[in-house]
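Atom set for the values below is all heavy atoms of this structure, side chains included, hydrogens, waters and symmetry mates excluded.
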Amino acid sequence: MSIYVEYAIIDNLVINFVLLGFLFKTIKHKLVLWKMAVCITVGMLFACVVPLASMGLLTIFNPKTFYVAIVVLMATKVFVTVMFLCVMSGLIKFMCMRQAVTTHLRDCIITYKGKEYKTKGYLDTGNRLVDPESNAPVVIISLKLYLKMFPVINGHYINFSTVDKSDAKMFVFAPAKFEIIDNKQKISHDNVRLGLSYKSFRDSIKYDALLNVNLV
């Protein structure tokens, strides 16, 4: 049985790699090796599950006739195939979401009280918030990032609206410097305000700041 499993692993790795390579070439998409590796690994695992699960079920039920054995084998294959499609569908959806988020991520450096805080910022086209007192664009940061800068003494509250709340308040304060690294170029912004969000930003990739659309 060990020979069969090794054959299934090698056979599926090679065939899946060739098929995915032709697929990427056909649709004229750039080869992404880590994505191919993930998909090939998942396919290989499910290819091994089919014979192992079939052998286990045949051992447990010990069918007396050939037809019952065929039914057990087909039912196992259909079930594993359905599970494979569900897993691959979720995996592809996750990778697409991750890719969409990654294209909008920027490295940011916040200078406050003489310390630099490096973080990831997401370019949010819906964030057009401006501090009315200074007419400065507001970058919204997570509570986790804010606590690293705590205590923050100089600041004030501004009004803003969201889909859930028509009249809400946000605490904003001014950093000494705010820098965005875009295409390996560091762009410095002096007139920026940081706004506190009491919730963490949940996405397929971790980041702690929502960039203002006017900064990029």
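Interatomic distance, CG of D131 versus CG of L194, reported as 11.0 Å (0.5 Å rounding). In this structure, S188 OG and I109 CD1 are separated by 9.5 Å, a value rounded to the nearest 0.5 Å. In this structure, I110 CD1 and E116 CD are separated by 11.0 Å, a value rounded to the nearest 0.5 Å. The line from CG of L143 to CZ of F201 is 10.0 Å long, rounded to the nearest 0.5 Å. Rounding to the nearest 0.5 Å places OG1 of T119 at 5.0 Å from CG of L145. Rounding to the nearest 0.5 Å gives a distance of 7.5 Å between CG of N191 and CG of N135.
In this structure a side-chain-to-backbone donor-acceptor pair under 3.5 Å is missing from D208 to I141. Judged by distance alone, with hydrogens and angles left aside, the side-chain atoms of N127 form a donor-acceptor pair with the main-chain N or O of L210 at under 3.5 Å. Side-chain N or O atoms of N212 include one that pairs as donor or acceptor with a backbone N or O of L129 at under 3.5 Å.
Taking the six-membered ring where the residue is Trp, F84 and F46 present perpendicular rings, their angle passing 60° and hence far from 30°. Between F171 and Y146, the angle of the ring planes goes over 60°, which puts this pair in the perpendicular group of the 30/60° scheme.
Both L45 and I40 belong to a common hydrophobic cluster when Ile, Leu, Val, Met, Phe, Trp and Tyr are linked at side-chain heavy-atom distances under 4.5 angstrom. Grouping the Ile, Leu, Val, Met, Phe, Trp and Tyr side chains by contacts below 4.5 angstrom, directly or via other members, places V49 with M88. Under the 4.5 Å side-chain contact rule for hydrophobic residues, F150 and Y157 share a cluster. V42 is connected to L85 through a chain of hydrophobic side-chain contacts under 4.5 Å among Ile, Leu, Val, Met, Phe, Trp and Tyr, so both are in one cluster. In this structure, V172 is not a member of the same hydrophobic cluster as V130, with clusters built from ILVMFWY side-chain heavy atoms closer than 4.5 Å.
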Full working for side chain to side chain contact (heavy atoms under 4.5 Å, CB included) between E179 and I187
CA-CA 5 Å; E179 297 170 297; I187 304 173; over 6 Å; no
